[in-house]
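The structure under discussion appears below in the form of structure tokens.
Numbered from 1 within each chain, the chains take letters A, B, ... in sequence-line order. The structure displayed is predicted, hence computed values, not measured ones.
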Number of protein chains: 2
Amino acid sequence: MSTRTDLTANTDATTPLSLSERALWFAWKRAHEVLRTRIAEDVRSATGLSDPDIAILIHATDVDGTVRQNQLAVVLGWDRTRLSHQLTRMEERGLVIRRRVAGGVEVEVTDAGLEMVAAAQPVHAAAVRRHLIEPFTSVQVEHLRQALDRISAPDLI
Amino acid sequence: MSTRTDLTANTDATTPLSLSERALWFAWKRAHEVLRTRIAEDVRSATGLSDPDIAILIHATDVDGTVRQNQLAVVLGWDRTRLSHQLTRMEERGLVIRRRVAGGVEVEVTDAGLEMVAAAQPVHAAAVRRHLIEPFTSVQVEHLRQALDRISAPDLI
DNA sequence: CCTACAGTGTTGATATGTCAACACGCACGG
DNA sequence: CCGTGCGTGTTGACATATCAACACTGTAGG
């Protein structure tokens, strides 16, 4: 499926990146720094929630406020350790509670957590729109999404 | 320049993200998690250098091993604090040294740093190619780069 | 001279992420 | 019944990132 990439490039592991390869790599990292910083700033200053807080709360509320911890890890693409630490911190702040169930742990968003995510959603949506969506036309949005999916799962496309 | 984005979307700050907007946002975060993790694993297991190590060493060696600290911050899109802490750690490990100069600080890569980055470059290049470049054709690479630049600096395009 | 300001960098406290090691429960084949 | 894995989660040590506050230097205006 993935066809050859760059006529000036070489797949040999010892060949340095070509100009266009470097350009894409730097553009990727830069875009990520910029976007993450901008959205996190907007949301944090308005709601007191961090990036990882929002990610977890949104996915959990999407499925009615209760999720298997492992499912969260898979959906978010996080590893178990990271998620465990993050949930511990969020539990201490009263945003979620954890319950052992058959074959794992169930994460439930508390009422306080629901309130905070409800308050954060509009700010978050506006930030995402402003920084990620608005620079593009709807056709470009779709193309970009396809490209990103290709990165996440190159074998499935 | 940035034309209207999604006919089903609404710019009103209180409107939740549309399906296509959410899809792009999740695809973005997922792609980032996946790509960062894969490349960092490859490079770290082979060279002992972390993501931020590599970012700094590559940019510094690009300009003959010596850079103004502030220039590094600008190019990488990092803030001063983050860079300062990172350089402190790298200085402790003998990868760089810092020197006060007129109006700032000069960062120089040590011989040990040069050796490590030289050893890391091929591994890093191979990882970037495999995970970021190979899923795409050369035309797609160029389109993706333009899209990323648009995110970094929406006003300039 | 001197004062105020902008640019640059540091520090310490805290939040977040990673790694290696361990703990536990459950299924499967002896 | 007994191992032996495998999936799932936790823990502690450490690396990295962020925030608020401070320190230094040069420089422009009085």
Interatomic distance, [X] [atom1] vs [N] [atom2] [rounded to whole Å]:
X: R36(B); N: dT16(D); atom1: CZ; atom2: P; result: 12 Å
X: R99(A); N: dT10(D); atom1: CZ; atom2: C1'; result: 19 Å
X: Q71(A); N: dG7(D); atom1: CD; atom2: C1'; result: 15 Å
X: E41(B); N: dT18(C); atom1: CD; atom2: C1'; result: 11 Å
X: H32(A); N: dG17(C); atom1: NE2; atom2: C1'; result: 13 Å
X: D51(B); N: dC19(C); atom1: CG; atom2: C1'; result: 15 Å
X: L72(B); N: dG7(C); atom1: CG; atom2: P; result: 19 Å
X: E92(B); N: dT16(D); atom1: CD; atom2: P; result: 11 Å

| task | Let me see the working for R98(A) and T88(A) under side chain to side chain donor-acceptor pair (under 3.5 Å), right down to the final yes or no. | result | CA-CA 9 Å; R98(A) 280 191 278 197; T88(A) 299; 2.8 Å; yes
| task | Answer yes or no for R82(B) and W78(B): cation-pi contact, defined as NZ/CZ to six-membered ring centre under 6.0 Å and angle to ring axis within 45°. | result | yes
| request: Kindly say whether, by distance alone, the side chain of H85(A) makes a donor-acceptor pair under 3.5 Å with the base of dG9(D)? | output: no
| note | Residue pair E33(A)/V105(A) against DNA chain D: nearer the 5' end by closest nucleotide is V105(A)
| Sole residue of V75(A), D149(A), L148(A), I58(A) in side chain to side chain contact (heavy atoms under 4.5 Å, CB included) with F26(B) | I58(A)
| query | Side chains of H124(B) and D42(B): donor-acceptor distance under 3.5 Å anywhere? | reply | no
Taking only N/O atoms, report every protein-nucleotides 20-26 of chain D pair under 3.5 Å with atom names and distance.
from    : atom 1 : to     : atom 2 : distance (Å)
dA20(D) : N6     : T81(B) : OG1    : 3.4

| Inter-residue atom distance D64(A).CG - E108(A).CD, 0.5 Å rounding | 10.5 Å
| Under 4.0 Å between a side-chain N or O of R82(A) and OP1 or OP2 of dC19(C)? | no
| said: Does dG9(C) have OP1 or OP2 under 4.0 Å away from a side-chain N or O of S84(B)? | reply: no
Could you tell me whether [X] and [Y] make a salt bridge, using a distance below 4.0 angstrom between a side-chain N and a carboxylate O?
X: R145(B); Y: E142(B); result: yes
X: R36(B); Y: E33(B); result: yes
X: E106(A); Y: R99(A); result: yes

| note | Residues of residues 52-70 of chain B with a heavy atom under 4.0 Å from any atom of DNA chain C, listed by number, are R68(B), Q69(B), N70(B)
| said: Both R89(A) and T88(B) contact DNA chain C. Which one's nearest nucleotide lies toward the 5' end? | reply: T88(B)
| task | Kindly indicate, with the supporting measurements, whether the criterion side chain to side chain donor-acceptor pair (under 3.5 Å) is fulfilled by S50(A) and D53(A). | result | CA-CA 5 Å; S50(A) 71; D53(A) 293 340; 3.0 Å; yes
| request: Using a 4.0 Å heavy-atom cut-off across all strands, classify S50(B) as base, sugar-phosphate, or nothing. | output: sugar-phosphate
